[in-house]
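Here the structure is laid out as structure tokens; the discussion comes afterwards.
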Protein chains: 2
Amino acid sequence: MQRTSFGSMACPIARSLERVGEWWSMLILRDALRGTTRFDDFQAGLGIAPNMLSRRLKALVAAGLLEKRRYSDRPPRYEYVPTECGRDFRPVLQTLLAWGNRHFAPDGPRVRIVDTETGETAEPIVVDRRTGRPLSDPVFRTVYGRPAGQPQDGTA
Amino acid sequence: MQRTSFGSMACPIARSLERVGEWWSMLILRDALRGTTRFDDFQAGLGIAPNMLSRRLKALVAAGLLEKRRYSDRPPRYEYVPTECGRDFRPVLQTLLAWGNRHFAPDGPRVRIVDTETGETAEPIVVDRRTGRPLSDPVFRTVYGRPAGQPQDGTA
DNA sequence: ATCAGTCACTTTCATTATGCAAGTAACTAA
DNA sequence: TTAGTTACTTGCATAATGAAAGTGACTGAT
């Protein structure tokens, strides 16, 4: 009666959720990517109980999203900084933010992504990097299995 | 000792997670957006216990992401189809898929988003719709508070 | 008419996870 | 000496998750 693990599923979405799918994890990551590094700052910013924060930070460190660094020896003090993997998570939070603003902010968004040069509010959409084509286009489909005739490793 | 609710937080990410942040919810949504509509098909595809599926479907319907429709009167049979809000969730799953492929698919991706016209594998990135600029650019920042001069409910 | 089969669930109950309150440890500064 | 800061851990109650089994409303074949 353990919680079902998504880690062994072939789907990359399931594997992602194995790392960040627990209650609080994404919000901790959100703050970490905003610049929060200290235990007490996470705690104050999130209103999370210290035991929960401790557990989640451990899990995020174990999953390779955060790195625990000692920034003081006497007294021993630690900080949590996003790894490259953790920083790569930003797009997920950006689309989640856009979705929340569109559907769950009846009085208009209270949080926005802004171009600090022009002051304009950005509207995040997902496109294909090469072609620039929006992935909302129905020509884009999710397919299962590797590209035919291409042995796994050195391939695209 | 209830689970902390994110629904009353101002952050749109938190509000989003209130709806889809539970174990299984996003995977159910993933299948629903792939075309799965029937209870037993969700169950078989996910390997989820029927009681959990029942709870999650109820929650997703209550959150406005799925619509429960009777497709047969005798016997009474139901199907679950994504609402507009549910369909708008696709970009989140696309970025989550891309992140999973980048970091948790050591032998290369087993699931890809493909342009069915060219057969090319898409590489999802998030850009600003108007300017086309990648939101990974550091000029984009998350800011709190509404745009100046637009009072909606008195809060600044 | 009986029986197997399908579909969409619900009920029961054990195991996990979550969360509040409180406590601990190692310091620094007054 | 006392208070304050930082970074946690422990204890324990409540809530969520999950496997197994059961229910209800049918259809279709013998």
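Just so we're on the same page: letters track the sequence lines, and every chain starts at 1. The basis for the numbers below is simple: all heavy atoms, side chains too, and nothing from hydrogens, waters or symmetry mates.
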- Which nucleotide sits closest to the side chain of A/Pro50: D/dT17, D/dT9, D/dT6? D/dT9
- Listed nucleotide nearest any side-chain atom of A/Pro76, set C/dA26, C/dT10, C/dG19: C/dA26
- Note on the structure: In short, A/Asp88 meets B/Trp99 closest at the heavy-atom pair O-CD1, 3.4 Å
- Query: Which class fits the ring pair A/Phe42 and A/Tyr80: parallel under 30°, tilted 30 to 60°, perpendicular over 60°?
  - Reply: perpendicular
- Query: Can a side chain N or O of B/Ser54 be found less than 4.0 Å away from OP1 or OP2 on C/dC9?
  - Reply: no
- Message: At less than 4.0 Å, is any side-chain N or O atom of B/Trp23 found next to OP1 or OP2 of C/dA17? Yes or no.
- Response: no
- Provide, to the nearest angstrom, the distance between the CD1 atom belonging to A/Ile48 and the P atom belonging to C/dC20. 9 Å
- Which of C/dT18, C/dC9, C/dA21 is nearest the side chain of A/Asn51? It is C/dA21
- Message: Under 4.0 Å from OP1 or OP2 of C/dG19: is there any side-chain N or O of B/Thr4 that close?
- Response: yes
- Query: What's the CZ-C1' distance between A/Arg3 and D/dA19, to the nearest Å?
  - Reply: 16 Å
- Message: Could you tell me how far apart B/Glu79 (CD) and C/dC9 (P) are, to the nearest whole angstrom?
- Response: 11 Å
- May I have the distance from B/Lys58 (atom NZ) to C/dA8 (atom P), rounded to whole angstrom? 14 Å
- Any B/Tyr78 side-chain N or O less than 4.0 Å from OP1/OP2 of D/dA25: no
- Note on the structure: Given the options A/Ile13, A/Val143, A/Thr142, B/Val111 meets side-chain contact (heavy atoms from CB on, under 4.5 Å) only with A/Thr142
- Message: Any heavy-atom pair between the side chains of B/Thr36 and B/Gln43 that's under 4.5 Å?
- Response: no
- Item | Separation of atom CG in B/Asp40 from atom C1' in C/dT10, rounded to whole Å | 14 Å
- Could you check how far CE of B/Met52 sits from P of C/dT16, rounded to whole Å? 15 Å
- Task: Assign each of B/Gly47 and A/Asp41 to its nearest nucleotide of DNA chain D by heavy atoms, then name whichever residue's nucleotide is nearer the 5' end.
- Result: A/Asp41
- Message: Looking at B/Glu67 and B/Thr83, would you say the former's side chain and the latter's main chain have a donor-acceptor pair under 3.5 Å?
- Response: no
- Residue met sooner reading DNA chain C from 5', once B/Phe39 and A/Trp24 are mapped to nucleotides: B/Phe39
- Listed nucleotide nearest any side-chain atom of B/Lys68, set C/dC20, C/dC9, C/dC27: C/dC9
- Message: Please classify the nucleic acid contact of A/Arg38 as base, sugar-phosphate, or nothing, using heavy-atom distances under 4.0 Å.
- Response: sugar-phosphate
- Minimum heavy-atom distance between B/Ala122 and A/Leu135, given as atom pair plus value: CB-CD2, 4.0 Å
- Nearest to side-chain heavy atoms of B/Pro75, which nucleotide of C/dT28, C/dC9, D/dT27: D/dT27
- Message: Classify B/Tyr71 by what it touches in the nucleic acid, base, sugar-phosphate, or nothing, heavy-atom distance under 4.0 Å.
- Response: sugar-phosphate
- Task: May I ask you to evaluate whether A/Tyr80 reaches the phosphate of D/dT6, defined as a side-chain N or O under 4.0 Å from OP1 or OP2?
- Result: no
- Task: Calculate the interatomic distance between B/Arg77 atom CZ and D/dG24 atom C1'; express it in whole Å.
- Result: 9 Å
- Atom CD of B/Gln43 and atom P of D/dA19 are separated, to the nearest Å, by 11 Å
